[in-house]
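We count residues from 1, following the sequence as given.
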Amino acid sequence: MSEVSLQHGMARQMAASQSMQAGMQILQASALELKQLLRHALETNPMLEELPDASPEALEDGPDGDAWNEREDGWNEREDGWNEFTPEGRPPAEAAARRDFMYESIVAPESLKTHLTAQAQHSALTGRARDALFLLIDALDDHGFLTESPQELEERECFSMRDMQEALAVLRGMDPPGVGAADLRDSLLIQLEQRGLKRSLAFRLVKRCWRELAAHKYEEAARLLDVEPEAVAEALEVIRSLTPDPGCAYAPGGNPHLLPDVIVEEGPSGVLDVVLTSEYLPRLSMNERYMELMAESSGSRELRQYLRKAFREGQELLRALDMRQETVLRLARAIVRRQEDFFRFGPSRLKAMGMEEVAEEMGVHVSTVSRACRDKYLLCKWGMKELRSFFSAGVPAEGDVSSAGTGAEAMASGAVQELMRRLIAEEDSSKPLSDARLAAALQEKGVNIARRTVAKYREQMKILPASLRRGI
């Protein structure tokens, strides 16, 4: 192979890689992030232009109404199917201006994931270990806890155990202290280790006497560790100085303006309609004037090359945008099909569902489903729900839990937690339900669950044990 052919091949590979990275960035982007990306593209790429307001009033009042209508028709016939993913009607120009002002006036605080990603960029990790680090950051919830175990991520994304362990060790050493933990106990141990207190009594208390600490049985903890109660009291002061919520400083509560990507409504005929909310996005088109300049042979060579490059980047952006919208819409429809009982009857009807089965239905890799879920929200009559929240492991259930009456069926952990929350809300405060009694009550409702699983779910919901709920 000649050197010229090799260089051309490498150039094509680099261009394809850059295009894939841009597509992944757009697919992963939240609604506000995507709006900012498109605004930036409009400012930096002369081949892109924003189409005017498509409302009837704007079309009639436009300076060149007939020409605009012809242009709009031509755009709708584009093969890339943009029109399929944009709303048919737009608010009047004045309302659109108010909406844009509101969105642009939002100053989004730095998120936990953004803060960690910036640190990861300077990490010494390379290759697959570096990729695993970014994957782990993406798997964190707003509190800094892992929503999936490293083992699950390792198997799903085909990472080696060594790469995942190296990435996890780096993540747990990042700021804020305590991120990358599986649960509260794990987070406290990470914070103590970062303070250089791995050999301290506080570390031993958290590691070996967690149940005794939760039940305030400090004398029993002192006996188990063969130390004086006064020493335990001093160690408790150290533990109380730790944070139970590592990500609290970066909580999304600082910006309440979440934008739903999808709205699910029940139509007049009872069918659940799934609609993309694209009205917050600028409507993009290729600038015809610059396309004519690019085609002219009389212009300078440098100008034509610059415009061709801008044209290719603009086309790639529009294709990636269409692909993102199509993927999110298909994903939302698949979720609604599989979780119909949730949308009709509420959170207690949420079923177990894995990303793998949805990816198989959509004919895509499971990592595509994971990226499409990232920071995407669905609005329904039960409130704003993150798409990722519909995916969880199941708990065996039987009886009349399913409205379909199909016998044994797995319930999602979220649905089981909702039942637990109801049982605890209705309990006698003088005789609160222990984890064992909660497990028995759930089994009476057809949910086959162990006491230790009840305890895990209760801790995830930040609900105190029965011994500490008495009298509340």
### Query
So do the side chains of V262 and L329 get within less than 4.5 Å of each other, counting heavy atoms only?
no
### Task
Taking only Lys NZ, Arg NE, NH1 and NH2, and the carboxylate oxygens of Asp or Glu, determine whether D261 and R324 approach each other closer than 4.0 Å.
yes
### Task
Take T327 and V364, measure what side-chain contact (heavy atoms from CB on, under 4.5 Å) needs, and give me the verdict at the end.
CA-CA 10 Å; T327 303; V364 299; 6.0 Å; no
### Message
If you define the side chain from C-beta out and look only at heavy atoms, does anything of L37 sit under 4.5 Å from H40?
### Response
no
### Message
Between R204 and D226, does any NZ, NE, NH1 or NH2 come within less than 4.0 Å of an OD or OE carboxylate oxygen?
### Response
no
### Query
When rounded to the nearest 0.5 angstrom, what is the spacing between CG in D435 and CE in M420?
7.0 Å
### Query
CG of D175 to NE2 of H115: how many Å apart, nearest 0.5 Å?
4.0 Å
### Query
Do side-chain atoms of S285 reach the backbone of L51 as a donor and acceptor pair under 3.5 angstrom?
no
### Query
Is a salt bridge present between K309 and E313, judged by a nitrogen-to-oxygen distance below 4.0 Å?
yes
### Query
Would you say the side chain of S241 lies within less than 4.5 Å of the side chain of R195, judging by non-hydrogen atoms?
yes
### Query
Are R156 and E148 within salt-bridge range, i.e. N to O under 4.0 Å?
yes
### Message
With a 4.0 Å cut-off on N to O distance, would you call R223 and E219 a salt bridge?
### Response
no
### Task
Say whether, by atom type as modelled, one donor and one acceptor occur between the side chain of K376 and the main chain of A29 under 3.5 angstrom.
yes
### Query
Would you call the rings of H143 and F145 parallel, tilted or perpendicular if under 30° counts as parallel and over 60° as perpendicular?
tilted
### Query
Do E50 and R39 pass the salt bridge (charged side-chain N to carboxylate O under 4.0 Å, His left out) test, and can you show the C-alpha distance, the side-chain angles, and the key distance before you say yes or no?
CA-CA 9 Å; E50 182 175 2; R39 287 293 178 197; 2.8 Å; yes
### Message
More than 12 heavy atoms of other residues, nucleotides or ligands under 6.0 Å from CD of Q121: yes or no?
### Response
yes
### Query
Do the side chains of V358 and M353 get nearer than 4.5 Å, heavy atoms only?
yes
### Query
For K207, does its backbone N or O pair with a side-chain atom of R185 as donor and acceptor, under 3.5 Å?
yes
### Query
Does any non-hydrogen side-chain atom of D183 lie less than 4.5 Å from one of W210?
no
### Query
Just how far is it from atom CG of L125 to atom CG of D131, taken to the nearest 0.5 Å?
10.0 Å
## Note on the structure
When rounded to the nearest 0.5 Å, the distance separating CG of L32 from CG of D375 is 10.5 Å
### Task
Would you sort out whether E418 and R422 count as a salt bridge (charged side-chain N to carboxylate O under 4.0 Å, His left out), showing the intermediate values?
CA-CA 6 Å; E418 181 66 22; R422 291 182 186 178; 3.8 Å; yes
### Message
For a 4.5 angstrom cut-off between non-hydrogen side-chain atoms, does L146 reach L140?
### Response
yes
### Query
From M174 CE over to I137 CD1, what is the distance, rounded to the nearest 0.5 angstrom?
4.5 Å
### Task
Decide, yes or no, whether a salt bridge links E459 with K456 under the criterion of side-chain N to carboxylate O below 4.0 Å.
no
### Query
Going by heavy atoms in the side chains, are V274 and L378 under 4.5 Å from each other?
no
### Query
What's the spacing between L205 CG and I239 CD1 if we round to 0.5 Å?
5.0 Å
### Message
Taking R319 first and then E316, would you say they form a salt bridge - that is, a charged N and a carboxylate O separated by under 4.0 Å?
### Response
no
### Message
Please check if the number of heavy atoms outside E360 that lie under 6.0 Å from its CD is greater than 12.
### Response
no
### Evaluation steps, side chain to side chain donor-acceptor pair (under 3.5 Å), between Q119 and S123
CA-CA 7 Å; Q119 296 174 68; S123 166; over 6 Å; no
### Query
Residues two or more places apart in sequence or in another chain: which of them pass ring-ring contact (aromatic ring centres under 6.0 Å, His included) with F159?
none
### Message
Could you check whether any side-chain N or O of R172 sits under 3.5 Å from a backbone N or O of G180, counting only pairs where one atom can act as donor and the other as acceptor?
### Response
yes
### Query
If you count the non-hydrogen atoms of other residues, nucleotides and ligands that lie under 6.0 Å from CZ in R344, is the total more than 12?
yes
#### Entry: SB check E361 R338 (cutoff 4.0 Å)
yes
### Heavy-atom donor-acceptor pair, Q339 side chain to K351 backbone, under 3.5 Å
yes
### Query
What residue among Y377, F343, W382 forms ring-ring contact (aromatic ring centres under 6.0 Å, His included) with F390?
F343
